[in-house]
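Everything quoted here is computed from the prediction, not taken from an experiment. The figures here come from the full heavy-atom set of this structure, side chains too, leaving out hydrogens, waters and symmetry mates. FYI, the numbering just counts along the sequence from 1.
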Amino acid sequence: MAIAAYTLGARVGYNYIHGEIWQDYETFEAALHEAKAAGYLGENLFGTNFCFDLYAVHGYGAYICGEETALIESIEGKKGQPRFKPPFPASYGVFGKPTNVNNTESYTSIPWIMQHGGEAFAALGVANSGGTKLFSISGHVEKPGNYEVKMGMPFSELLAMTGGVWKGRKLKAVIPGGPSTAVLPASAIMTATMDYDGLSKARSSLGAGSMIVMDETTCMVKTLHRLSYFFYEESCGQCTPCREGTGWVYRVIDRIVNGKGKMEDLDLLTDVSNNIAGRTICALGEAAATPVLSFIKHFRPEFEYYIQHGKSMVEHQ
């Protein structure tokens with residue numbers, strides 16, 4: 001971030017850290033003290049007129065603050081809600097100053113690129129997806145964790161790095177980039193490559209690389225129930241389609257899970273989701289709609305079975 005600040009002529013930087021990872025905040029604070037003591041942050045660095053101060057900002061667990069303008073609002077001490085754009089952060093950002101917003105993962109690539117060159121970094125990956133990517137893999141694998149791999153790696157190889165699906169079970173589905181990306185059945189993900197174009201071709205997206213792996217025992221109805229509750233809780237409430245729509249979606253799926261669903265609920269869920277997407281200030285509304293549409297598309301028989309029998313197809317088997 002200091003290199004980026006020097007390049008841009010910036011005087012101040014902020015690293016916004018999610019509110020639910022306090023240990024990471026404390027670790028970063030300790031690193032800041034070390035950097036200042038070593039003369040890497042502060043006034044007139046290395047005998048020049050360049051000055052740069054870097055601050056850690058501890059968030060409060062709001063998913064919405066992953067949106068850049070909501071993050072800026074939170075840094076300023078206000079409620080984390082997205083701003084209307086324009087103006088864009090590049091012209092009016094933190095405290096009204098021009099602001100460059102990037103993910104921490106992007107900044108970490110800068111020293112390697114400076115040492116080895118942009119072409120070498122791009123060559124680590126594939127066309128249109130250069131470099132490496134961090135995947136935070138959770139769910140039904142033998143070795144969940146964070147994996148940094150070259151862009152374009154086949155999913156099958158990445159899955160093998162985790163020790164494969166746990167307990168010798170079969171792969172059922174994968175959410176490749178976090179809850180806001182479309183779920184893919186095993187047949188689609190096993191032939192996909194882990195890059196922007198590869199996952200787009202498979203009808204999903206890379207997202208943040210927050211991968212959730214699900215085995216054959218997973219009930220997709222209950223999984224969507226949990227995801228829909230998450231988006232219902234995390235909607236900031238500023239936009240009517242998102243505020244009301246996420247509540248509708250959750251209540252309908254909750255009705256299905258509790259044995260009171262109707263077949264027309266599946267069309268209702270699709271209709272509500274389509275009326276959320278593209279009608280909000282930020283992308284959270286679309287992020288909430290994507291799982292609903294993809295789960296019903298790929299696993300509709302499970303939803304129909306649950307509605308007909310009042311219980312999970314997987315649990316029945």
Residues two or more places apart in sequence or in another chain: which of them pass side chain to side chain donor-acceptor pair (under 3.5 Å) with Ser210?
none
Linking I/L/V/M/F/W/Y whenever any side-chain heavy atoms sit under 4.5 Å apart, do Val252 and Val272 land together?
yes
Quick one: side chain to side chain contact (heavy atoms under 4.5 Å, CB included) partners of Thr290, sequence neighbours excluded?
Ala182, Glu286
Which residues pass the side chain to side chain contact (heavy atoms under 4.5 Å, CB included) test with Ser156, not counting sequence neighbours?
Pro154, Met190
Is Tyr63 isolated, or which residues cluster with it under the ILVMFWY side-chain rule of less than 4.5 Å, directly or via members?
Ile64, Phe230, Phe231, Leu284
Taking ring pair (Phe, Tyr, Trp, His ring centres under 6.0 Å) as the definition, give me every residue that meets it alongside His18, ordered by chain and number, with sequence neighbours left out.
none
Partners meeting salt bridge (Lys or Arg N to Asp or Glu O under 4.0 Å) with Arg11 (sequence neighbours left out):
Glu43, Asp53
Using a 4.5 Å side-chain heavy-atom cut-off and chaining through intermediate ILVMFWY residues, the residues clustered with Ile281 come out as Phe84
For the residue pair Arg83 and Tyr92, what are the closest heavy atoms and their distance?
NH1-O, 3.6 Å
Sorted by first residue and then second, give each salt bridge (charged side-chain N to carboxylate O under 4.0 Å, His left out) pair with at least one member in residues 252-269; sequence neighbours left out.
Arg255-Asp265, Asp267-Arg300
In chain order, what residues pass the salt bridge (Lys or Arg N to Asp or Glu O under 4.0 Å) check against Lys172, with sequence neighbours excluded?
Glu302
Can you name the side chain to side chain contact (heavy atoms under 4.5 Å, CB included) partners of Ser106, sequence neighbours left out?
Asn102, Asn103
Mind listing the closest non-hydrogen atom pair of Cys219 and Val314 along with its distance?
CA-CG2, 4.1 Å
Could you give all pairs that pass the side chain to side chain donor-acceptor pair (under 3.5 Å) test and reach residues 186-196, with sequence neighbours left out?
Thr193-Asp195
Looking only at heavy atoms, the pair that brings Leu54 and Tyr14 closest together is CD1-N, 3.9 Å
Members other than Tyr232 in its cluster, when Ile, Leu, Val, Met, Phe, Trp, Tyr link by side-chain heavy atoms under 4.5 Å?
Tyr229, Tyr250
